[in-house]
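Side-chain atoms are counted along with the backbone in the values below, which use heavy atoms only and exclude waters and symmetry mates. All residue numbers refer to positions in the sequence shown, counting from 1.
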Amino acid sequence: MSTPRGTGLRTALECALAEAGVDPTVGVEAAAPPQLAELAVHGLGVAVLPDPGPVPGLRVRPLANPVPRVRIALAWPTGQPASPPAAALVAHLRQAYPGPAAAHSPAAQSPAGTAAPSATCSSATAPSSTSRPSGK
């Protein structure tokens, strides 16, 4: 079970499995991760979802080898200056996560620009917090 094709989570899953040489078969899709967790609790399959936190009746394990990665983007309206807190966040993130050459594009440099996520598997990405051990 997973989110529908075209979502960031599904793209990260498919890319990670392709790197491992696996062609997944997803039998059940749900748009919202809490729905996936609920379906798994009721025994309808294994769900791939962001860390749901503690859910009664649900055992959570992180994915590894390879760890799924996703691209995260910030976006704000064009033609409007970023508020001081937003500008500070963008400056901090640019320093902490300089990224590939795309970080030097006009849209990435302009506080009034927008950034769009990439659906490619080979882009510079951040680790996904797909799941964490539940202790069960």
Side-chain angles (χ1 to χ4, degrees):
M1 296 184 290
S2 183
T3 54
R5 279 188 185 266
T7 61
L9 178 66
R10 179 69 172 268
T11 300
L13 171 66
E14 289 174 346
C15 289
L17 292 174
E19 287 178 31
V22 177
D23 183 23
T25 300
V26 176
V28 176
E29 294 179 342
Q35 292 171 329
L36 292 168
E38 190 66 25
L39 292 168
V41 166
H42 291 290
L44 297 174
V46 174
V48 178
L49 63 159
D51 183 356
V55 176
L58 188 66
R59 180 181 304 243
V60 179
R61 295 290 182 254
L63 296 175
N65 298 325
V67 174
R69 302 207 176 260
V70 295
R71 175 171 268 182
I72 299 171
L74 299 177
W76 53 88
T78 59
Q80 295 182 12
S83 67
L89 173 64
V90 170
H92 172 76
L93 291 173
R94 283 185 179 146
Q95 183 177 8
Y97 304 101
H104 302 293
S105 72
Q109 293 299 318
S110 168
T114 58
S118 170
T120 64
C121 297
S122 60
S123 61
T125 55
S128 169
S129 59
T130 304
S131 59
R132 65 179 166 91
S134 66
K136 293 183 182 178

Can you list the residues that meet the side-chain hydrogen bond (donor to acceptor under 3.5 Å, both in side chains) rule with T3, with sequence neighbours excluded? T7

Results of side chain to side chain contact (heavy atoms under 4.5 Å, CB included) for A96 - residues two or more places apart only: H92

Just list the side-chain donor-acceptor pairs under 3.5 Å for residues 32-47, sequence neighbours left out, or say none.
unit_1 : atom_1 : unit_2 : atom_2 : d
Q35    : OE1    : A32    : N      : 3.3
E38    : OE2    : H42    : NE2    : 2.7

Of all residues at least two apart in sequence or in a different chain, which pass the side chain to side chain contact (heavy atoms under 4.5 Å, CB included) check with L17? L13, V22, P24

If you look only at pairs with a residue in residues 21-33, which of them pass as a salt bridge (charged side-chain N to carboxylate O under 4.0 Å, His left out), with sequence neighbours excluded? R10-E29

Mind checking what makes side-chain hydrogen bond (donor to acceptor under 3.5 Å, both in side chains) contact with S83, not counting sequence neighbours? none

Is V48 reachable from V26 through a run of I, L, V, M, F, W or Y residues, each pair having side-chain heavy atoms under 4.5 Å apart? no

